[in-house]
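One structure below.
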2 protein chains.
Amino acid sequence: MKKARTTITDIARELNISPSTVSRALNNHPAISKKTRDAVIELAKTLNYQPNLLALNLLRKRTNTIGIIVPEITSSFFSSVINGIQDLLSPLGVNMMISQSNESMEEEKSILRSFASIRVDGFLISPSSETKNFDHLKILTDNNIPLVIFDRDCEGLEVDKVFVDEYSGAFQAVEYLVKTGCRRIAHIAGPLSLSTARHRLKAYKDALALHHVPVKEEYIVESSGFTPEHGIKPTQKLLALPSPPDAVFAINDGVAIGAMYVIKKAGLVIPDEISVVGFDDDPHSCYFSPSLSTVWQPTYELGMLSARILMKRINSNNDLSDIRVEELYPELIVRGSSK
Amino acid sequence: MKKARTTITDIARELNISPSTVSRALNNHPAISKKTRDAVIELAKTLNYQPNLLALNLLRKRTNTIGIIVPEITSSFFSSVINGIQDLLSPLGVNMMISQSNESMEEEKSILRSFASIRVDGFLISPSSETKNFDHLKILTDNNIPLVIFDRDCEGLEVDKVFVDEYSGAFQAVEYLVKTGCRRIAHIAGPLSLSTARHRLKAYKDALALHHVPVKEEYIVESSGFTPEHGIKPTQKLLALPSPPDAVFAINDGVAIGAMYVIKKAGLVIPDEISVVGFDDDPHSCYFSPSLSTVWQPTYELGMLSARILMKRINSNNDLSDIRVEELYPELIVRGSSK
DNA sequence: CTGTTAGCGCGTTCAC
DNA sequence: GTGAACGCGCTAACAG
């Protein structure tokens with residue numbers, strides 16, 4: 001049989017005092033006698049009293065919990081962002097509910113509904129790659145529920161947003177490849193439904209154009225995901241070209257690792273015959289041989305900043321007069337997989 | 001200004017009916033006229049009514065939320081376990097609160113307290129490496145709050161537990177190294193405060209003993225963590241030995257990757273001069289050169305099973321008559337880093 | 001210093 | 001078919 005958790009009423013009954021007195025004693029209310037306070041606190045400890053936040057939250061209309069929805073938790077990118085979020089929230093006593101949409105808009109909506117019912121104080125969302133319609137997010141703002149979008153954009157939705165300047169990162173990478181003498185630079189793009197993938201593709205084209213390197217469509221292939229497996233086929237396709245590339249700029253490190261694998265299998269030498277550059281600076285990347293050149297993103301800061309903005313929004317009663325769009329800066333890291 | 005979320009009272013007032021009627025209409029109570037039901041449902045939709053689960057949970061004494069505490073979320077091991085957990089809970093409509101202890105017992109306790117106050121229905125915990133005293137976990141069982149321990153043991157604590165048979169996995173790995181001709185087999189152990197690390201170390205010694213290979217203390221070094229960085233120094237120490245090892249069995253893939261890095265830098269050829277075997281089957285492992293031999297663990301199943309047991313416990317009113325200790329089986333995967 | 005009352009939002013009696 | 005009253009656990013306002 002389940003014995004009920006102890007409540008202030010329990011300890012009030014035991015001590016023959018009123019629940020409010022117990023409440024006051026427990027909350028260090030000034031007007032309370034030392035004796036009763038001590039008695040209450042001691043009994044609370046022996047009975048292992050834990051305040052029921054459900055009741056308190058119902059009263060306060062605030063849960064001190066924020067909801068986080070990410071496409072996936074497994075990637076080093078998002079788990080590092082979550083680290084940043086937790087390190088900001090923890091000292092503030094704010095809890096996180098985390099859920100993954102698995103890149104599905106339906107799951108995203110369902111998680112959203114569930115979190116909203118739980119009355120989280122606000123949302124931190126990086127939309128799924130399927131999410132092209134933002135009605136469900138719009139509902140949040142319509143109901144005055146604070147929301148911060150991070151990493152992936154929802155174009156047209158007017159809320160706080162925190163991004164990494166993908167364009168700059170990709171531009172740095174491609175420009176660097178050009179400057180090291182590469183002329184047949186290929187790009188393995190990510191799913192183009194993602195704003196991040198589109199920005200990187202655009203930067204790729206712009207950087208080539210700026211340096212008068214012709215953009216060839218056959219050098220642009222799209223991967224359907226972010227793991228090494230997703231890099232295999234696109235790379236095979238590139239190597240099979242009549243004039244194969246002398247450099248590959250991949251959407252992320254995962255795909256780049258798959259690309260390196262195929263390239264080495266084909267007997268080509270990296271970086272002598274072909275350079276490879278990734279994106280994200282996955283913690284493993286520097287241990288590959290050759291070590292992977294990449295674009296580092298301030299993931300931890302991204303999490304921290306997003307959480308900080310959300311908390312500010314929550315504490316300011318969600319005054320929407322000053323929507324913030326912040327941009328963080330990535331940095332090219334040159335390692336062994338490029339000249 | 002924050003406009004309050006709509007409640008059943010709001011829509012009752014609007015329709016000139018009582019809140020109970022609204023409640024019934026929303027919950028498909030049979031005894032309700034179709035007209036009022038339709039009216040209620042429509043107004044609820046336009047007003048974007050979301051039931052307040054705080055109130056409901058307070059009433060039901062159940063939150064449909066479970067608390068998960070892991071040492072870190074960044075590792076492929078734990079994030080894959082979390083995947084398994086979510087895939088079991090999601091279809092059941094159960095939410096997860098996730099938090100990381102960062103291998104600190106103090107953080108673990110504080111998270112625990114916070115989750116308990118939120119009244120999660122149960123806990124899924126993999127204790128921090130610092131956690132040697134289990135009083136805080138004991139309190140949960142004393143208060144009849146369901147708890148399942150997974151991956152890392154809390155010896156002496158009588159609750160449901162789900163493990164991987166580490167001993168078997170490590171034994172397979174070491175025995176295989178012996179059989180492929182290695183005689184100077186080193187082990188980079190993990191923090192020995194961890195049951196998992198101790199089991200693997202014991203299996204290492206037992207496997208050597210069984211095959212009459214002498215166990216030498218200088219071949220056993222302890223790493224303080226699980227990333228490639230943590231593998232660097234221990235490996236340097238091993239290579240500096242008068243008679244360096246011809247095989248390294250590392251506590252996990254992260255450390256093994258660091259070891260491979262040092263070994264290759266030293267000009268040694270893997271696996272001809274020295275074999276390397278890891279543990280965990282990190283998704284990146286097969287893309288290294290040489291690809292890393294490792295011990296695969298059923299992480300996803302570990303998560304699923306732990307969650308399933310917890311849910312059963314919760315739904316059975318936490319009847320503690322039949323504590324379960326389950327063990328899942330790991331599997332050696334031979335790749336290029338060993339003969 | 002302490003007790004009483006009320007209400008947060010909801011579902012569930014028990015009436016009518 | 002529907003409404004009124006009650007209580008989940010807690011704090012704040014109002015009395016004493």
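Values below: all heavy atoms of this structure, side chains included; hydrogens, waters and symmetry mates excluded. Here is how names work: the chains are called A, B, and so on, in the same order as the sequence lines, proteins then strands, and each is numbered from 1.
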Sugar-phosphate only, base, or nothing, as touched by B:Ile17 at under 4.0 Å among non-hydrogen atoms: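 Counting heavy atoms under 4.0 Å across all strands, the contact made by B:Ile17 is with sugar-phosphate only.
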
Could you state the [atom1]-[atom2] distance from [X] to [N], rounded to the nearest angstrom?
X: A:Leu53; N: C:dC8; atom1: CG; atom2: C1'; result: 15 Å
X: B:Asn28; N: C:dG11; atom1: CG; atom2: P; result: 12 Å
X: A:Asn57; N: D:dC10; atom1: CG; atom2: P; result: 12 Å
X: B:Arg13; N: C:dC10; atom1: CZ; atom2: P; result: 12 Å
X: B:Asn52; N: C:dG9; atom1: CG; atom2: C1'; result: 6 Å
X: A:Ile11; N: D:dC10; atom1: CD1; atom2: C1'; result: 13 Å
X: B:Asn16; N: D:dG3; atom1: CG; atom2: C1'; result: 13 Å
X: A:Leu15; N: C:dT2; atom1: CG; atom2: P; result: 11 Å

Side chains of [X] and [Y]: is there a donor and an acceptor less than 3.5 Å apart?
X: A:Asp87; Y: A:Tyr300; result: yes
X: B:Asn48; Y: B:Thr6; result: no
X: A:Thr63; Y: A:Asn57; result: no
X: A:Glu72; Y: B:Asn83; result: no
X: A:Ser18; Y: A:Thr21; result: yes
X: A:Thr36; Y: A:Ser33; result: yes

Residue mapping more 5' on DNA chain C - nearest nucleotide basis, B:Ala55 or A:Ile32: A:Ile32

Can you tell me if [X] touches the phosphate of [N], counting only side-chain N or O atoms and a distance under 4.0 Å to OP1 or OP2?
X: B:Thr21; N: D:dG3; answer: yes
X: B:Asn27; N: C:dG11; answer: yes
X: B:Lys61; N: D:dG9; answer: yes
X: B:Ser23; N: C:dG9; answer: no
X: A:Thr7; N: D:dG9; answer: no
X: B:Ser33; N: D:dT2; answer: yes

As a test of reading the structure: which of [options] is closest to the side chain of [X], going by heavy atoms?
X: B:Ala31; options: D:dT2, C:dG3, C:dC8; result: D:dT2
X: A:Arg24; options: C:dT13, D:dA13, C:dG9; result: D:dA13
X: B:Ser20; options: D:dG3, C:dG3, C:dC1; result: D:dG3
X: B:Arg60; options: D:dC10, C:dG11, D:dA4; result: C:dG11
X: A:Ile8; options: C:dC1, D:dC10, D:dG9; result: D:dC10
X: B:Leu56; options: C:dG11, D:dA4, C:dG3; result: C:dG11

Base of D:dG9 paired with side chain of B:Arg119 (donor-acceptor, under 3.5 Å):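 By the distance-only test, no, there is no pair.
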
Side-chain donor/acceptor of A:Arg5 to base of D:dG9, under 3.5 Å: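 For A:Arg5, whose side chain was compared with the base of D:dG9, there is no donor-acceptor pair (under 3.5 Å).
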
Residues B:Glu107, B:Ser128; criterion side-chain contact (heavy atoms from CB on, under 4.5 Å); working and verdict: CA-CA 9 Å; B:Glu107 285 200 52; B:Ser128 88; over 6 Å; no

Worked verdict on B:Val164 versus B:Glu327 for side-chain contact (heavy atoms from CB on, under 4.5 Å): CA-CA 5 Å; B:Val164 171; B:Glu327 207 149 25; over 6 Å; no

Salt bridge flag under 4.0 Å for residues B:Asp160 and B:Arg324: no

Five-pair end axes of the helix from C:dC1-D:dG16 to C:dC16-D:dG1 and the angle they enclose, rounded to 10°: 50°

